[in-house]
Amino acid sequence: MITEKYFIDDIKNLSIDSNTYKKLLEVYTLYECIQLGGEVDPGCLIDDLLKTLFAGAFNDFNIPVSFLNTPVGYVLFTVKYGCKTNNSFTAIEVAHLVNKTKSLISYDVKNDKIIYSRHGKGKSILINETNLIKYMEDKGFSQDEAIERINLFLKLRNQEKLSLDEISKIINQET
């Protein structure tokens, strides 16, 4: 899942006006709803945004494939087609989920003990939910416990304004 902070950071890379910025934030709200299992009807909002971002001289537009790999592109097309995505986690989030240090997670990434992908300008490490479950099983968690911890983490990350340390404490108390 694309976090709101990651999404907003990506919006800052675009040359847009304040109205387009507000519409993109509205789309992110719809995206969050989809991720929590809700259904949304974005109407023509997505198409209007795509035209604003990519319209050419004849109101025809071509979307670069590279845009689809950005947080903004990912969120726009997730909302447009209404599909729940496989959640992604940063290395620091994984560390909090498995109650280990970030350096241990980085070590495991470096030694190919966890499947990951790199995204963005800084090439941030992202681990998708399926690979995280496999990694957690390798670290001694049962599949049910891994899924329970991940679901609780996602609920707290998406609905609360808690720090990762606070989320980690709650997860370790409840599971």
Side-chain angles (χ1 to χ4, degrees), residues 1-97 102 105-106 108-110 112 114-135 150-151 153-162 164 167:
M1 179 171 167
I2 304 295
T3 64
E4 186 174 15
K5 181 185 179 318
Y6 193 43
F7 182 75
I8 290 172
D9 287 347
D10 196 46
I11 291 175
K12 292 175 185 174
N13 295 326
L14 302 173
S15 298
I16 58 173
D17 60 28
S18 62
N19 188 38
T20 303
Y21 182 85
K22 288 176 188 173
K23 286 181 180 180
L24 285 168
L25 292 180
E26 183 180 338
V27 169
Y28 187 81
T29 303
L30 297 174
Y31 170 78
E32 284 183 319
C33 181
I34 290 170
Q35 297 311 305
L36 295 171
E39 291 185 24
V40 300
D41 180 13
C44 58
L45 178 63
I46 304 299
D47 289 337
D48 289 346
L49 279 167
L50 291 171
K51 285 177 186 172
T52 300
L53 294 171
F54 300 107
F58 301 103
N59 272 340
D60 188 19
F61 59 94
N62 293 313
I63 301 167
V65 173
S66 60
F67 176 73
L68 300 176
N69 293 324
T70 68
V72 172
Y74 186 81
V75 167
L76 285 175
F77 281 91
T78 298
V79 172
K80 181 171 177 62
Y81 296 109
C83 53
K84 186 173 187 234
T85 59
N86 194 355
N87 295 301
S88 294
F89 302 87
T90 64
I92 190 73
E93 289 173 330
V94 171
H96 285 279
L97 267 164
K102 184 175 183 265
I105 304 304
S106 297
D108 286 348
V109 164
K110 182 179 177 182
D112 296 325
I114 186 168
I115 299 170
Y116 66 94
S117 58
R118 291 195 178 270
H119 295 275
K121 289 181 180 179
K123 299 295 182 187
S124 300
I125 292 172
L126 289 178
I127 297 127
N128 76 32
E129 187 172 351
T130 304
N131 293 328
L132 177 57
I133 291 169
K134 289 176 188 171
Y135 176 74
I150 290 169
N151 287 337
F153 179 87
L154 290 170
K155 178 183 173 191
L156 294 170
R157 180 178 79 176
N158 295 332
Q159 296 179 349
E160 308 271 342
K161 298 297 180 198
L162 300 172
L164 286 174
I167 291 172

Engineer: Please name all residues satisfying side chain to side chain contact (heavy atoms under 4.5 Å, CB included) with Pro42, sequence neighbours left out, ordered by chain then number.
Structural biologist: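 Scan of Pro42 (side chain to side chain contact (heavy atoms under 4.5 Å, CB included), adjacent residues dropped) gives Leu30, Val40, Ile46, Val79.
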Engineer: Please round to the nearest 0.5 Å and tell me the distance separating atom CG of Leu156 and atom CG of Leu162.
Structural biologist: 6.0 Å
Engineer: Who are the salt bridge (Lys or Arg N to Asp or Glu O under 4.0 Å) partners of Asp108, not counting sequence neighbours?
Structural biologist: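 Testing Asp108 for salt bridge (Lys or Arg N to Asp or Glu O under 4.0 Å), a comparison that skips the adjacent residues, returns Lys139.
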Engineer: Enter the distance from Ser117:OG to Asn128:CG here, rounded to the nearest 0.5 Å.
Structural biologist: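 Those atoms lie 7.0 Å apart.
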Engineer: Holding to ring-ring contact (aromatic ring centres under 6.0 Å, His included), I want the full list of residues that pass it with Phe54, two or more places apart in sequence or in another chain.
Structural biologist: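 Counting only residues at least two positions away or on another chain, Phe54 forms a ring-ring contact (aromatic ring centres under 6.0 Å, His included) with Phe67.
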Engineer: Does any non-hydrogen side-chain atom of Phe77 lie less than 4.5 Å from one of Ile63?
Structural biologist: yes
Engineer: Calculate, to the nearest 0.5 Å, the distance between atoms OG and OH belonging to Ser106 and Tyr116 respectively.
Structural biologist: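 Spacing of OG (Ser106) from OH (Tyr116) equals 10.5 Å.
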Engineer: Can you name the residues that form a side chain to side chain contact (heavy atoms under 4.5 Å, CB included) with Lys134, not counting sequence neighbours?
Structural biologist: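 Residues passing side chain to side chain contact (heavy atoms under 4.5 Å, CB included) with Lys134: Thr130, Asn131.
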Engineer: Would a distance-only check, ignoring hydrogens and angles, find a side-chain to backbone donor-acceptor pair under 3.5 Å from Glu93 to Thr90?
Structural biologist: yes
Engineer: Can you name the residues that form a side chain to side chain contact (heavy atoms under 4.5 Å, CB included) with Thr20, not counting sequence neighbours?
Structural biologist: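 Here the qualifying residues are Ile16, Asp17, Leu24, Leu49, Thr52.
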Engineer: Which distance, rounded to the nearest 0.5 Å, do you find between the OG1 of Thr29 and the CD1 of Ile34?
Structural biologist: 11.5 Å
Engineer: Run the side chain to side chain contact (heavy atoms under 4.5 Å, CB included) test against Leu25 and tell me which residues pass, sequence neighbours left out.
Structural biologist: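 By the side chain to side chain contact (heavy atoms under 4.5 Å, CB included) rule, Leu25 matches Ile8, Ile11, Tyr21.
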Engineer: What residues form a salt bridge (Lys or Arg N to Asp or Glu O under 4.0 Å) with Lys5, not counting sequence neighbours?
Structural biologist: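 Salt bridge (Lys or Arg N to Asp or Glu O under 4.0 Å) check on Lys5 returns Asp9.
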Engineer: Search all heavy atoms of Ile92 against all heavy atoms of Leu164 and return the closest pair with its distance.
Structural biologist: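 For Ile92 and Leu164, the tightest heavy-atom pair comes out as CG2-CD1, 3.9 Å.
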Engineer: How about Ile127 and Tyr135: do any of their side-chain heavy atoms sit closer than 4.5 Å?
Structural biologist: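 In short, these two side chains do not touch, never coming nearer than 4.5 Å.
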Engineer: Working to the nearest 0.5 Å, report the span between CG of Leu50 and CG of Asn62.
Structural biologist: 11.5 Å
Engineer: Do Ile150 and Glu129 come within less than 4.5 Å of each other through their side chains, counting heavy atoms only?
Structural biologist: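 Answer yes - side chains close enough.
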Engineer: With salt bridge (Lys or Arg N to Asp or Glu O under 4.0 Å) as the rule and sequence neighbours excluded, what pairs involving residues 45-57 come up?
Structural biologist: Asp47-Lys80
Engineer: Please name all residues satisfying ring-ring contact (aromatic ring centres under 6.0 Å, His included) with Phe7, sequence neighbours left out, ordered by chain then number.
Structural biologist: Tyr28
Engineer: With rounding to the nearest 0.5 Å, note down the distance linking CG in Leu53 to NZ in Lys23.
Structural biologist: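 So the CG of Leu53 and the NZ of Lys23 are separated by 10.5 Å.
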